[in-house]
Amino acid sequence: MRRLVQALEARQTPDFESWETLVLQASRRGGAGVMGSLLTHWQRHAPREIIRCACGQRMISRGRRAKELLTTLGPVPLARSFYQCPECRQGRFPDDERLDMVHTRYSPGVRRLMARAGSQTQFAQAADDLLCYAGLSVDPREIERIAEDVGREVEQWLGEEQKLIRHQPGVIPIGSVDPLAKFYVSFDGTGVPVRKSELVGRRGKQADGSARTREAKLGCVFTQVKLDEEGYPQRDPDSTTYVGAIESSTLFGWRIYAEAVRRGLDHAQSVIVLTDGARYNRTIVQTHFPEAVHIVDLFHAYEHLATIAQILRGPDAKAPQPWRELLKAGEIVRLVRTAGKQLPASAHSRKLLLKELGYFEGNAQQMRYAEFRQKNYFVGSGVIEAGCRTVIGQRLKFSGMRWSVRGANAIIALRCCLLSDRFEDFWASRC
Ligand SMILES: [Zn+2]
């Protein structure tokens, strides 16, 4: 501040940015002082309570221990009483518990910033961002630890919500749905690079049969009322919410089902499930969304058609136009008959071809594209594919990254929560 006063006295032209910085630093320091006094005042005047151990014994005060908190205003010292159980020697800091500061020196406000920053970008970058935006100097590894802790809390919060939806329906407030809206549920998988120890005994897609990634499953729910100028369905803005994790398809089925219920599945007039046609997709639809119209993504179907052409006519072959027309019209029986007219000579190619034809036969009901188009349904799973890039790819798939499943799941939970605009609800629920 002295430098500011000197500059004013010397009638110098202001360096406005440095003024801002200096005044901000001074306000923070002053604010941290106020915060320290508030805490001391609170401690001095808080009603004395009997502190008990988990074992039931009354705990005894063993004097005060100091720690330095990091708050959004900067470092604030705190001395708080330590209690110990005379029986089992367990210790507690009751003030830490009241302040939501157990086993941490970061205030709730700072932890919220660390979690948010760490969910958006790589931890080293997040540390730079926090220093630049909030004047907070924290180690990238601490951001990683806190972001993952908060992510696990999010996962726990969602888990409890899921349990209530499954076992005590009616307890959780359910979203309302515009009666005109079409209600979409969509899901897909995407690989997350993980540490070697997470891959033991797993077969992968590498040339030698090894794996480098584990599949994260991502699901989304969105609604659609309007059509665009060309008559194609248009997703309602801000209507998309996400859930996801590296987990079995059974657990994931419950996860996406709970999210759909929360969003108003039971009030929706028309429910559409969009998938890429992988086999586990059908199981999830049959188990959790038996009333829904199930649509297999048209573009994945085109890719399978191209594969058939390549099996029959070599690696550069494209699917003939008449096949594409049949697919677009949803004439799957005719398509299979046409494309399977000539079986290749080699047993291997024949096996591959039959597998591809099986994909179409198995999904024929989900490929009634002419009918779906006529009802103005989405027939492409572009929303969830973009979601895989936004939610997972942009944070978890940088080159050189190797996640633990536990760490990846924490960050996925955090990102789903933030991108579904539920983070503030989650944070409020902690209090
Ligand atoms: Zn005890």
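As the structure lists them, so they are numbered: ligands from 1, and atoms in each ligand from 1. Atoms considered below: every heavy atom in the structure, side chains included; atoms not considered: hydrogens, waters and symmetry mates. For reference, positions follow the sequence shown, starting with 1.
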Is the distance from the ring center of Phe93 to that of Tyr83 below 6.0 Å? no

Donor on one side chain, acceptor on other, Lys397 and Thr190, under 3.5 Å: yes

Closer than 2.8 Å to the Zn ion (ligand 1), how many protein N/O/S atoms do you count? 4

Hey, is Glu424 close enough to Arg112 for a salt bridge, meaning N to O under 4.0 Å? yes

Out of Arg422, Arg166, Arg255, which one pairs with Glu161 under the salt bridge (Lys or Arg N to Asp or Glu O under 4.0 Å) rule? Arg422

Taking the six-membered ring of Tyr302, is NZ or CZ of Lys328 closer than 6.0 Å to its centre and within 45° of its axis? no

Excluding sequence neighbours, so at least two apart, what forms ring pair (Phe, Tyr, Trp, His ring centres under 6.0 Å) with Tyr257? Trp254, His288

